Amino acid sequence: MNKATNKFFDIWKVVSIGILCLYALFLIYPLFKLLYNAFFFNGSFTTQYFQSFFSQKYYVKSIFNSLKVSVCATALSLVIGIPLAYFYQMYEIKGKTVLQVLIILCSMSAPFIGAYSWIMLLGRSGVITKFIEALIPIRMPNIYGFNGILLVESLQLFPLVFLYVSGALKNIDNSLLEASENMGCSGFKRFMTIVIPLCMPTIIAAALMVFMRAFADFGTPLLIGEGYQTFPVIIYNSYFAETGGDHNFGAAISIIAIVITAIIFLIQKYINGKFNFTMSALHPIERKPVHGIHSLFVNFYSWAVVAIAFLPQLYVIYTSFLKTSGKIFLKGYSLDSYRYAFTHLTKAIPNTFIIGGIALVIVIILAILIAYLVVRRNNILNKIIDTVSMVPYIIPGSVVGIALVMAFNKKPLVLTGTITIMIVALVIRRIPYTIRSSTATLQQISLSIEEAAISLGSSKLKAFFKITVPMMANGILSGAIMSWVTIITELSTAIILYNLNTITLTLATYTYVSRGNYGIAAAYATILTVTTIISLLIYMKVTGNKEISF
């Protein structure tokens, strides 16, 4: 073994140790502090905080409320998203590129914006509510509480199912579908007996993603719940109570949240193991033209679902141009909300791009390195890195925020209130998307390509960065766009860590919604939507892909 090879292996070993140290400092240590504060008070071991939680029905009920919302939102998202993905991949739908962009936009806005929008549309004084009640003498169903939370989260999360299942459908060999059709199995029967089983691993993965997002969402229940308390709201309130939060009690509740999500994750892994197989589409599905009543149904279903889901964002954009006085919208149009947005809280807009941009760069670099370590250097150390990197995937954002505050609010390393802790939180929370996407892409690239470069005199390190990484570009960018959009719309972690110097567009939007300044909130939300649209268009332009899937 020559010196160059020895140096290469030494470099990657150092990279492995360095990445593991970063996770130890910014994830494992904060979670350990959280665990310590949950069980120790003034240096003495205690279980009083857990006893306090489980002894009060109010708190225990919040768990069941969250599980009920999450299960129902997951089921409804699957019912909406799977047929939509099937129609999109199987048939020619009019304006399919625009349709997909709108579907993605439905998912990429902050959930609480959807809650605020539906209150404006279907609330007690909502536009649609007033219109229908004036037209027909009936009382509209209550949008608040469980019904409202379920509506908002289902319409927010079904696009994730769409993206995952769309990707799975691309891997189905068309010859399987043709063979089933020749045997008399077509239409709905083929969809249920052939397509669904083949996509089951992906469907289960999508269901986990939706469940975790729904379970961790606290902005939606906070705005539209009206007494229907969910677990994330309890976590936030226990830590930031108006009378001074009990940090130990907040830590105990956070540990309960981690246990619950970990159990759900393990159940998903077990179920997924029952459907563990791979597909390779030698003859990918080609979209077929559809005619007559079938064309009407496919196009109507696809566009109707997306129109309903995107309606809140359209209304937010519309209201951003109205004259307002606090919660009251006046007659006429104005740019006053935008003038206020750009002249007050001027740090919110640049902070969004500075903090988000730095976090994204770190996410991409670390994801590439971790993907290489996991796929090309599969050893115990790198398996630990792979496992640890996915831990934030199953932990609610508010728990990550609380853990970071507990770990870095005292010397020797004080990060609370700084941009650094915001960046750390965003990297930890959003890197799993890019890691999974990069890893999946690298697994499809033959090692022989790197070996050929090495045989021509290139070092292994140079071969990876000069040849393999460019070949991974689509996978990296696909994960990066997901990471980026979720970074700029992050609320649950950021709301615990921010101050006036680190406020972002999402936080500013939430602040003004909670204060009742709807016009300004709508302006900030519109800026976020436009940013998301531009991000997606840049991604499509750079990659040449007109479609996005995971």
Side-chain angles (χ1 to χ4, degrees), residues 105 108-130 143-144 148-149 152 156 217-227 233 236-237 240 242 310-353 355-356 398 422 488-533:
L105 287 174
M108 297 310 184
S109 67
F112 74 89
I113 293 176
Y116 145 68
S117 305
W118 281 111
I119 290 173
M120 300 296 293
L121 290 168
L122 292 174
R124 296 182 184 92
S125 301
V127 175
I128 297 176
T129 301
K130 285 184 174 180
I143 189 66
Y144 303 95
I149 298 171
V152 172
Q156 178 86 23
D217 181 19
F218 94 98
T220 301
L222 204 61
L223 286 178
I224 206 171
E226 276 204 356
V233 175
Y236 178 81
N237 289 339
F240 290 101
E242 293 181 3
F310 195 66
L311 179 61
Q313 291 196 51
L314 283 178
Y315 189 69
V316 166
I317 294 170
Y318 169 73
T319 56
S320 71
F321 293 100
L322 294 177
K323 290 182 178 180
T324 59
S325 177
K327 295 184 179 181
I328 301 172
F329 289 101
L330 308 175
K331 289 184 178 181
Y333 299 91
S334 171
L335 294 175
D336 289 345
S337 295
Y338 287 96
R339 292 192 189 98
Y340 186 95
F342 283 102
T343 56
H344 294 73
L345 285 179
T346 52
K347 292 183 179 180
I349 297 173
N351 277 348
T352 300
F353 294 99
I355 295 173
S398 53
M422 295 281 287
I488 62 175
T489 57
E490 174 67 26
L491 176 67
S492 58
T493 304
I495 199 168
I496 292 172
L497 301 174
Y498 89 104
N499 58 28
L500 287 177
N501 292 321
T502 58
I503 192 169
T504 61
L505 276 171
T506 302
L507 290 165
T509 305
Y510 178 80
T511 300
Y512 281 102
V513 167
S514 59
R515 291 177 181 175
N517 293 312
Y518 293 152
I520 300 168
Y524 279 119
T526 302
I527 295 170
L528 266 178
T529 299
V530 171
T531 301
T532 305
I533 293 172

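Just so you know, these numbers use all the heavy atoms, side chains as well, and skip hydrogens, waters and symmetry mates. Everything quoted here is computed from the prediction, not taken from an experiment.
- Under the side-chain contact (heavy atoms from CB on, under 4.5 Å) criterion, F310 pairs with L102, L105, C106, Q313, L314, not counting sequence neighbours.
- For the side-chain contact (heavy atoms from CB on, under 4.5 Å) test, residues two or more places apart in sequence or in another chain that qualify with I128 are L121, L122, I132, L311.
- Nearest approach of G123 to T129, heavy atoms of both residues: O-OG1, 2.9 Å.
- Separation of atoms CD1 (I143) and CD (E226) is listed at 11.0 Å; rounding is to 0.5 Å.
- Residues passing the side chain to side chain donor-acceptor pair (under 3.5 Å) test with S514: none are found, sequence neighbours excluded.
- Here the CG-NZ distance, from L500 to K347, works out to 8.0 Å after rounding to the nearest 0.5 Å.
- A donor-acceptor pair under 3.5 Å is absent between the side-chain atoms of Y116 and the main chain of V316, judged by distance alone.
- A tilted orientation is assigned to the rings of Y338 and F321, their planes being inclined by 30° to 60°.
- The side chain to side chain donor-acceptor pair (under 3.5 Å) check on T489 picks up nothing, with sequence neighbours excluded.
- T220 pairs by the side chain to side chain donor-acceptor pair (under 3.5 Å) definition with D217, not counting sequence neighbours.
- Remark: side-chain polar atoms of N351 are paired, donor with acceptor, to backbone N or O of I503 under 3.5 angstrom.
- Applying side-chain contact (heavy atoms from CB on, under 4.5 Å) to I527 and the options T509, I349, T352, T532 leaves one that passes, I349.
- Taking the side-chain contact (heavy atoms from CB on, under 4.5 Å) definition, one finds that L491 meets it with F112, F218, I495, T506, L507, Y510, sequence neighbours left out.
- The shortest side-chain heavy-atom distance between T511 and Y498 falls under the 4.5 Å cut-off.
- Here the straight-line distance linking atom CG of L497 with atom OG of S492 works out to 10.0 Å at 0.5 Å rounding.
- No donor-acceptor pair under 3.5 Å is formed between the side chain of D336 and the backbone N or O of K323.
- With sequence neighbours left out, the side-chain contact (heavy atoms from CB on, under 4.5 Å) criterion links I119 to Y144, I224.
- Considering only residues two or more places apart in sequence or on other chains, T502 meets the side chain to side chain donor-acceptor pair (under 3.5 Å) condition with N499.
- Taken from CE in M422 to OG1 in T504, the straight-line distance is 5.5 Å, to the nearest 0.5 Å.
- Of all heavy-atom pairs spanning P221 and V233, the tightest one is CB-CG2, 3.9 Å.
- Between atom OH of residue Y524 and atom OG of residue S337 there is a gap of 10.5 Å, rounded to the nearest 0.5 Å.
- Residue Y315 holds its OH atom at 4.5 Å from CE of M120, rounded to the nearest 0.5 Å.
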